[in-house]
Amino acid sequence: MTGNAPRTPVPDAPFADAEIADERSTVRARVPSQPRLDAPQRLEILVRRAKLFLEQLPKEDPRARLLGIAVMRRDETLLERLLDAASSAASPSTRPER
């Protein structure tokens with residue numbers, strides 16, 4: 001299989017050094033990130049957000065019942081999905097008008 005690969009010519013020594021110098025990468029500075037929250041802290045934040053969102057929803061809204069159940073069960077995955085869906089629905093669409 002090695003005989004099938006095309007061979008690239010070996011560059012002359014002066015060009016090889018210049019290419020290596022151009023391809024060297026620099027180390028990027030670390031961007032300070034927010035401190036990671038442990039699971040109970042993250043869940044408490046989700047529950048607070050969900051309760052605030054529940055106050056804004058009408059009682060007849062099907063999301064209100066599902067969100068209430070997710071808060072009662074403290075279901076982190078369901079809370080995240082419902083709140084993400086609500087925030088994406090509230091954000092303006094970037095779809096072009098026809």
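Residues that satisfy the side-chain contact (heavy atoms from CB on, under 4.5 Å) test with Asp38, not counting sequence neighbours, are Pro40, Gln41. Residues passing the side-chain hydrogen bond (donor to acceptor under 3.5 Å, both in side chains) test with Glu76, sequence neighbours excluded: Arg42. Shown here are the salt bridge (charged side-chain N to carboxylate O under 4.0 Å, His left out) partners of Arg73, two or more places apart in sequence or in another chain: Asp75. Among residues two or more places apart in sequence or in another chain, the side-chain hydrogen bond (donor to acceptor under 3.5 Å, both in side chains) test is passed with Arg74 by Glu44.
Membership of the apolar cluster around Leu46 extends to Leu43, Val47, Phe53, Leu54, Leu57, Leu66, Leu67, Val71, Leu78, Leu79, Leu82, Leu83, as traced through chained side-chain contacts below 4.5 Å between ILVMFWY residues. Cluster partners of Leu37, using a side-chain heavy-atom cutoff of under 4.5 Å among ILVMFWY residues and allowing indirect links, are Ile45.
Every pair passing salt bridge (Lys or Arg N to Asp or Glu O under 4.0 Å) that includes a residue from residues 48-62 is listed here, sequence neighbours excluded: Asp61-Arg63.
Taking each heavy atom of Ala64 and Pro58 in turn, the nearest pair found is CB-O, 3.8 Å.
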